[in-house]
Amino acid sequence: MNHAIETDQLSKQYGDVRAVDNVDLRVKQGEIYGFLGLNGAGKTTTIRALLGMIRPSGGSVKVLGQTLVQSGRGPWARVGHLVESPSAYPELSVRENLDVARRLHGIQNPKVVDDVIEQLTLTSYADRKAGTLSSGNFQRLGLARALLHRPELLILDEPANGLDPAGLVEIRKLLISLAQENGVTVFMSSHILTEVDRLATRMGIIHHGKLIEELDADQLEKLRAKHLEVRVRDLVSAYAGLQSAGYQPVLKEDMILMEEAHVIEHPDDIARILVNGGTPPTHLAVKQQNLEEHFMQLTGGIK
Ligand code: ATP
C-alpha cells in the first residue's frame, strides 16, 4: 500500500513541552483523514513537520513516497497546503495574489487562476484587495492558493477557520469531490469534531502530542450510527410488541434501543405500535452522540 503520508515516531520538543510525541501516521492515498485534537494538542506542529517547515526532534516523515531531509528537495509541487492563518499581499487583489502564486508554481496557463476563483466561489471578490476581505473569504483565498496547482495531496490546518455555516458546507463538498472524483488525498486538522466528522473517511485523535486513537471507516460508521431510545412503563410487553411487529429491539438497562433505518426515519410508527399495544412511550428520542461522547471521553480522561 502506498501511503501519501507516513511518519515514524515523529517527535518535536520545544523546551519542556513535547508538542509531538512519537506519532506514527499512515495516510492512504485518496482518503480524507481528519486530524482531531483540542487546542494545543500538537496538530499545527505535526503539520509543520509534514511540510518540512520545522525540523523534527526525532523520527521521520515521508510524503508522497519521499523521505523529508533537511535542506533536501521535497515533493512540494504535488502538495497543496494551508497552515494556520494564511498570508497574502494585502494591497493586491484576490486575482493578483493568485496570479503571483501561479507564477511561483511556474504554471503558464493564466486560466487556472479563474478556475480556482470559481471553485472557491470568490468570483465576486476577485478584484477586491486581499486586505479588505472578511476572514471567511480570506480563508477561501488561502484554500484557492492551496488548490491552484492541482496537487494530489492537500495538507490543511483548520481549513474551516472563519467560514460561516454555508461556507463550511461548500468547502466540505469541495474536499469530498476532490477526493472522490480526482483521487486527491486530504489531510485536515480541526479541534471541532463535527467539522471533520461529516467528511473524514478516517480519523486520528491527537492529545498532548500523542496519537491516542485512529478510527477507520467501519469504526466511524458504527460510532456515527443513530439509534432510537424508547422508555415505557412496561418494558417486557413493549419489547414483545415491537418484536412481533417485525422489529429488532435491544434491551439496555431501563430502555429499549432500536437501530433500523426505518425506525430512525419514522419514530412515529414506533410510537403508534406502542400506543396500540397498550404500552405508550414515556420517552422517544433519536440520538447520535456516540462519536462526540467517545471523543470527550478520550480527550477528557487523559491528563
Ligand atoms: P491549536 O488548535 O490551538 O492551534 P495545536 O493542536 O495546533 O493547537 P500546536 O500549535 O501544535 O497545537 O502546539 C502544541 C504545543 O506545542 C503547545 O503546548 C504549544 O504551546 C507548543 N508550541 C508550539 N509551537 C511552539 C514554539 N514555536 N515554541 C514553543 N512551544 C511551542
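Atoms within each ligand, like the ligands themselves, are counted from 1 in listed order.
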Report the distance from atom CG of Leu242 to atom CG of Leu274, rounding to the nearest 0.5 Å. 5.0 Å
Taking the basic N atoms (NZ, or NE/NH1/NH2) and the acidic carboxylate oxygens, is any pair closer than 4.0 Å for Lys111 and Asp114? no
Taking every non-hydrogen atom, the tightest pair across Lys226 and Ile264: O-CD1, 3.6 Å
So for His191 against ligand 1, with non-hydrogen atoms under 4.0 Å, the contacting part is neither
Glu158 to ligand 1, any heavy atom closer than 4.0 Å: yes
Of all protein heavy atoms, the one nearest atom 16 (O) of ligand 1 is Ala19 CB, 3.2 Å
Using a 4.0 Å heavy-atom threshold (strictly under), name the region of Leu38 that reaches ligand 1: side chain, backbone, both or neither. backbone
Can you list the ligand 1 atoms lying under 4.0 Å from a non-hydrogen atom of Val17? 16 (O), 18 (O)
Any donor-acceptor pair under 3.5 Å linking the side chain of Thr7 with the backbone of Val61? no
Among all the protein's non-hydrogen atoms, which is closest to atom 2 (O) of ligand 1, and how far away is it? Lys43 NZ, 2.9 Å
For Asn39, which part has a heavy atom under 4.0 Å from ligand 1: side chain, backbone, both, or neither? both
Can you tell me the protein heavy atom closest to atom 11 (O) of ligand 1 and the distance? Thr45 OG1, 2.5 Å
Please report which non-hydrogen protein atom sits nearest to atom 12 (O) of ligand 1, along with the residue it belongs to and the distance in Å to one decimal place. Gly42 N, 3.2 Å
How far is atom 4 (O) of ligand 1 from its nearest protein heavy atom, and which residue and atom is that? Thr44 OG1, 3.7 Å
I'd like to know whether CZ of Arg172 has more than 12 heavy-atom contacts from other residues, nucleotides or ligands below 6.0 angstrom. yes
For Ser57 and Gln13, which I'm curious about, is there any donor-acceptor pair between the side chains at under 3.5 Å? no
How far is atom 23 (C) of ligand 1 from its nearest protein heavy atom, and which residue and atom is that? Tyr14 CE1, 3.6 Å
I'd like to know if the side chain of His208 and the backbone of Gly42 have a donor-acceptor N/O pair within less than 3.5 Å. no
Looking at atom 19 (C) of ligand 1, would you say a protein heavy atom lies below 4.0 Å from it? no
Assign the ring pair Phe187 / Phe35 to parallel, tilted or perpendicular, where the plane angle (0 to 90°) is split at 30° and 60°. tilted
Does the residue Gly40 have a heavy-atom contact with ligand 1, meaning some pair of atoms that are separated by less than 4.0 Å? yes
Donor-acceptor contact below 3.5 Å, side chain Glu91 vs main chain Lys129: no
